[in-house]
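Heads up, the thing below is written out as structure tokens.
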Amino acid sequence: MSESTSAGSGASYASAGVDIEAGDRAVELMKEWVKKTQRPEVLGGLGGFAGLFDASALKRYERPLLASATDGVGTKVDIARQMGVYDTIGHDLVAMVMDDIVVCGAEPLFMTDYICVGKVHPERVAAIVKGIAEGCVLAGCALVGGETAEHPGLLGPDDFDVAGAGTGVVEYDRLLGADRIRTGDAVIAMASSGLHSNGYSLVRHVVFDRAGMTLDQRVEELGRTLGEELLEPTKIYSLDCLALTRTTDVHAYSHITGGGLAANLARVIPDGLHATVDRSTWTPGAIFDLVGKAGQVDRLELEKTLNMGVGMMAVVPADSVDAALTTLADRGVESWVAGEITERGAHTTGAELVGDYAK
């Protein structure tokens with residue numbers, strides 16, 4: 001038996017759905033944005049197998065501790081996909097990674113990203129990286145590398161997901177956390193820019209499935225379309241928190257992400273102490289009220305899922321409150337005293353919300 005083949009009839013990577021040339025073009029388009037994030041410790045550029053960071057910069061530390069974190073942005077990517085807006089989701093990614101790192105007092109150093117797509121659209125991938133690079137500038141870290149993976153057959157042509165990992169450094173004796181917190185400390189809240197990047201599975205279910213809303217629908221109480229509100233980038237607090245640690249005696253930070261305010265604050269409260277946060281000290285943004293009413297979501301369920309208008313919290317000594325609020329105000333961060341640290345009673349947990357939200 002004989003068999004013949006014609007040129008081009010065999011299987012190839014391209015016929016399987018992977019376009020190497022499109023990937024190469026995406027790299028070229030993103031280079032200018034990555035360059036904007038460079039710190040003096042970064043060696044080389046895009047194209048290597050690994051990003052290089054000169055660790056001799058850590059010699060100025062007596063006992064440097066490296067802090068690392070990794071995260072994604074969840075189903076918020078589907079909002080970006082539906083709206084065809086790809087240059088803001090990177091801000092969310094950097095915030096989710098680097099604001100976790102700064103919680104322990106660490107300075108963000110560098111980050112890598114992973115972008116998974118069903119089909120490489122070079123301009124779209126470059127727009128995602130542009131957002132990541134802009135976020136890195138806001139966090140003070142370098143974007144030293146990443147990976148763009150094309151997964152045809154697993155993802156649709158327009159589907160994508162993003163993830164990232166970051167590294168920071170903190171001096172051992174300046175490490176922040178639960179062991180520094182004392183009775184009488186104040187809890188300072190920093191306003192979020194909106195939903196940030198948590199709870200979108202609940203939010204999407206409520207606004208689309210239950211309320212029948214559309215992304216291009218203008219919502220008067222929001223002052224813009226629903227899509228614009230849902231795609232509002234996560235605020236990046238890294239440099240604000242570092243500035244605060246330089247000007248005041250910060251004991252701990254809590255990044256308010258998945259699980260809500262009380263659960264995340266409780267993660268930095270030591271055994272025997274209790275954080276009480278007074279809801280009456282702020283009014284959550286209109287989006288939180290909209291989700292609650294549209295989905296008939298119980299307040300406690302909302303608070304377990306969404307940040308309710310607070311993206312970061314700082315625990316400081318009572319005599320540092322004025323300086324802390326001044327520092328944050330000077331940096332354009334809306335902040336206020338939201339609670340205090342007390343002895344833990346027999347029936348109290350690490351942190352709780354009390355009272356009603358201000359109208």
Side-chain angles (χ1 to χ4, degrees), residues 73 76 88 91-92 94-96 98-100 102-103 135 138-140 185-200 203 219 221-224 228-245 247-248 250 252-265 267-268 275-292 299 302-316 320-340 351-359:
V73 300
K76 189 171 184 176
T88 63
H91 287 233
D92 299 287
V94 175
M96 298 306 290
M98 287 307 180
D99 283 348
D100 273 358
V102 82
V103 160
L138 293 174
D185 283 354
V187 178
I188 292 177
M190 302 179 214
S192 68
S193 56
L195 293 170
H196 284 185
S197 299
N198 297 105
Y200 271 74
V203 172
V219 182
E221 53 264 46
L222 300 178
R224 53 182 171 177
E228 290 169 335
E229 178 70 27
L230 297 186
L231 208 57
E232 178 68 34
T234 305
K235 181 169 177 56
I236 298 173
Y237 300 93
S238 300
L239 295 183
D240 303 315
C241 289
L242 291 178
L244 198 57
T245 59
T247 59
T248 63
V250 177
Y253 288 114
S254 177
H255 187 197
I256 311 305
T257 57
L261 195 156
N264 280 288
L265 183 56
R267 293 167 67 180
V268 298
T276 301
V277 176
D278 187 352
R279 296 184 184 95
S280 70
T281 59
W282 82 97
T283 304
I287 184 62
F288 302 99
D289 188 53
L290 185 151
V291 172
R299 184 174 73 178
L302 276 181
E303 292 174 342
K304 286 194 304 182
T305 308
L306 307 179
N307 67 58
M308 301 307 291
V310 177
M312 182 73 76
M313 303 198 91
V315 181
V316 304
S320 295
V321 167
D322 290 343
L325 293 177
T326 296
T327 295
L328 292 171
D330 288 345
R331 296 185 61 82
V333 179
E334 181 185 356
S335 62
W336 63 94
V337 176
E340 63 177 344
E352 68 174 335
L353 304 182
V354 299
D356 294 318
Y357 293 111
K359 300 298 183 183

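Bear in mind that the values here come from a model prediction, so they are computed numbers and not experimental data.
Looking at every heavy atom in both residues, A358 comes nearest to T283 through O-OG1, 2.7 Å. The two residues Y357 and E303 have their closest heavy-atom pair at OH-OE2, 2.5 Å. Of all heavy-atom pairs between V310 and A189, the closest is CG1-CB, 3.9 Å. Of all non-hydrogen atoms in F288 and L302, the two that sit nearest each other are O-CD1, 3.8 Å. The two atoms that bring A324 and T248 nearest to each other are N-CG2, 3.5 Å, heavy atoms only. Contact between V102 and C241 at its shortest, heavy atoms only, is CG2-CB, 3.9 Å.
In this structure, the side chain to side chain contact (heavy atoms under 4.5 Å, CB included) partners of H196, at least two apart in sequence or on a different chain, are S192, S193, T234, K235, Y237, N307. With sequence neighbours left out, the salt bridge (charged side-chain N to carboxylate O under 4.0 Å, His left out) criterion links E340 to no other residue. R224 meets the salt bridge (charged side-chain N to carboxylate O under 4.0 Å, His left out) test with E229, E232; sequence neighbours excluded.
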Run the side chain to side chain contact (heavy atoms under 4.5 Å, CB included) check on Y200 and L230 step by step: do they pass?
-> CA-CA 9 Å; Y200 271 74; L230 297 186; 4.1 Å; yes
From CA spacing to verdict: side chain to side chain contact (heavy atoms under 4.5 Å, CB included), Y253, D99 = CA-CA 10 Å; Y253 288 114; D99 283 348; over 6 Å; no
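The CE atom of M313 sits 9.0 Å away from the CE atom of M190 when rounded to the nearest 0.5 Å. Atom-to-atom distance recorded for L265:CG and T276:OG1 is 9.5 Å, nearest 0.5 angstrom. Note: I188 CD1 to M312 CE = 13.0 Å, rounded to the nearest 0.5 Å. Rounding to the nearest 0.5 angstrom, the gap separating the CG atom in D240 from the OG1 atom in T327 is 10.5 Å. Separation of atoms OG1 (T326) and CG (D322) is listed at 6.5 Å; rounding is to 0.5 Å. Taking CZ from R267 and NE2 from H255, the interatomic distance works out to 10.0 Å, rounded to the nearest 0.5 Å.
In this structure, K76 and L195 have side chains that are not in contact, with every pair of non-hydrogen atoms separated by 4.5 Å or more. Residues V203 and T305 have side chains not in contact (no heavy-atom distance under 4.5 Å, counting atoms from C-beta outward). Using a 4.5 Å heavy-atom threshold, the side chains of L138 and V94 count as separate. Taking 4.5 Å as the limit, every side-chain heavy atom of D278 sits out of range of all side-chain heavy atoms of V337. Here the side chains of E221 and D289 are not in contact, with every heavy-atom distance at 4.5 Å or above. Side chains of N198 and I256 form no contact here, defined as non-hydrogen atoms less than 4.5 Å apart. When side chains are defined from C-beta on, L244 counts as touching L328, because their heavy atoms get closer than 4.5 Å. Looking at M96 and T257, their side chains come closer than 4.5 Å, going by heavy atoms from C-beta outward.
For the pair D356 (side chain) and R279 (backbone), a donor-acceptor distance under 3.5 Å is absent. Looking only at distances, no side-chain donor or acceptor of T245 sits under 3.5 Å from a matching main-chain atom of V250. The main-chain N or O of A191 is never found under 3.5 Å from a side-chain atom of W282 such that the two would form a donor-acceptor pair. Side-chain N or O atoms of N264 include none that pairs as donor or acceptor with a backbone N or O of S254 at under 3.5 Å.
The number of heavy atoms from other shown groups lying within 6.0 Å of CG (D330) is above 12.
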